[in-house]
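Nothing fancy with the numbering, it's 1 onward along the sequence. Because the structure is predicted, anything quoted here is derived from the model rather than measured.
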Amino acid sequence: MYPNSAMSASSTPSPAQILSLFRSLLRVARDFPDYNIREYTKRRTIDAFRQNASLSDPSSISSAYSHGKSQLGVVKRQAVVYSLYAPPLRSVMELQQVPF
């Protein structure tokens with residue numbers, strides 16, 4: 001899995017490690033050039049962490065954490081791929097609104 005990881009497969013991640021994973025996922029989401037993909041990634045991250053907030057079993061917490069770490073790797077790779085094929089125009093949602 002992750003050979004240099006400080007966490008073994010049987011230990012439960014600390015709240016600081018979980019918060020760090022959450023922040024990392026949100027930070028990587030900002031790297032997407034496309035508004036829709038960027039917002040989807042943020043929304044999916046927040047929803048997944050809310051869904052898993054009620055987990056109390058250490059093995060299920062470890063499982064969810066390791067799944068999140070693997071998803072972080074996927075999101076990082078996808079951000080690179082999407083940056084290679086960035087849309088030439090910005091989304092309507094990103095244009096600044098001029099007040100009336």
Side-chain angles (χ1 to χ4, degrees):
M1 192 159 59
Y2 292 99
N4 296 332
S5 177
M7 186 182 82
S8 67
S10 63
S11 68
T12 305
S14 69
Q17 289 174 311
I18 295 170
L19 185 59
S20 174
L21 175 62
F22 178 72
R23 288 179 177 163
S24 295
L25 283 163
L26 291 179
R27 196 174 301 117
V28 171
R30 289 190 306 221
D31 293 341
F32 283 99
D34 185 13
Y35 173 83
N36 292 322
I37 302 298
R38 184 171 53 246
E39 291 302 312
Y40 170 78
T41 305
K42 286 186 216 174
R43 187 174 61 248
R44 180 67 185 104
T45 298
I46 292 168
D47 289 346
F49 274 81
R50 281 186 183 149
Q51 179 183 1
N52 291 328
S54 62
L55 294 178
S56 59
D57 180 36
S59 64
S60 62
I61 293 171
S62 294
S63 174
Y65 182 77
S66 62
H67 179 71
K69 290 290 275 188
S70 67
Q71 290 301 306
L72 178 61
V74 170
V75 171
K76 283 181 179 181
R77 288 189 298 274
Q78 286 299 314
V80 170
V81 170
Y82 273 91
S83 69
L84 295 173
Y85 303 101
L89 299 174
R90 292 175 53 180
S91 170
V92 173
M93 298 300 290
E94 295 176 303
L95 298 176
Q96 288 187 335
Q97 300 282 333
V98 179
F100 292 101

Exercise. Roughly how far, to the nearest 0.5 Å, is the CG atom of Leu21 from the NE2 atom of His67?
Worked result: 10.5 Å

Seminar exercise, completed: Taken to the nearest 0.5 Å, the spacing of Arg77 CZ from Leu72 CG works out to 9.5 Å

Exercise. How about Gln78 and Phe32: do any of their side-chain heavy atoms sit closer than 4.5 Å?
Worked result: yes

Exercise. Taking C-beta and beyond as the side chain, do Arg27 and Ser24 meet within less than 4.5 Å on heavy atoms?
Worked result: yes

Problem set entry | Any Ile61 side-chain heavy atom under 4.5 Å of Pro13 side chain | yes

For this session: Kindly indicate whether the side chain of Ser11, heavy atoms from C-beta on, has any atom under 4.5 Å from the side chain of Ser62.
Result: no

Let me check something: any side-chain donor-acceptor pairs from residues 43-58 under 3.5 Å, sequence neighbours excluded? List them with distances.
unit_1, atom_1, unit_2, atom_2, d
Thr45, OG1, Thr41, O, 2.8
Asn52, ND2, Ala48, O, 3.3
Asp57, OD2, Ser59, OG, 2.5

Exercise. Could you state the interatomic distance from CD1 (Ile37) to OH (Tyr82), rounded to the nearest 0.5 Å?
Worked result: 4.0 Å

Problem set entry | Same cluster (ILVMFWY, side-chain, under 4.5 Å), Val75 and Leu26 | yes

Exercise. Any idea which heavy atoms bring Arg38 and Ala29 closest together, and the distance?
Worked result: CG-O, 3.1 Å

Problem set entry | Arg23 and Leu19, any side-chain heavy atoms less than 4.5 Å apart | yes

Exercise. With distance as the sole test, does Glu39 use its side chain to make a donor-acceptor pair with the main-chain N or O of Asn36 at under 3.5 Å?
Worked result: no

Exercise. Is Ser63 reaching over with its side chain to a backbone N or O of Ser60, donor-acceptor style, under 3.5 angstrom?
Worked result: no

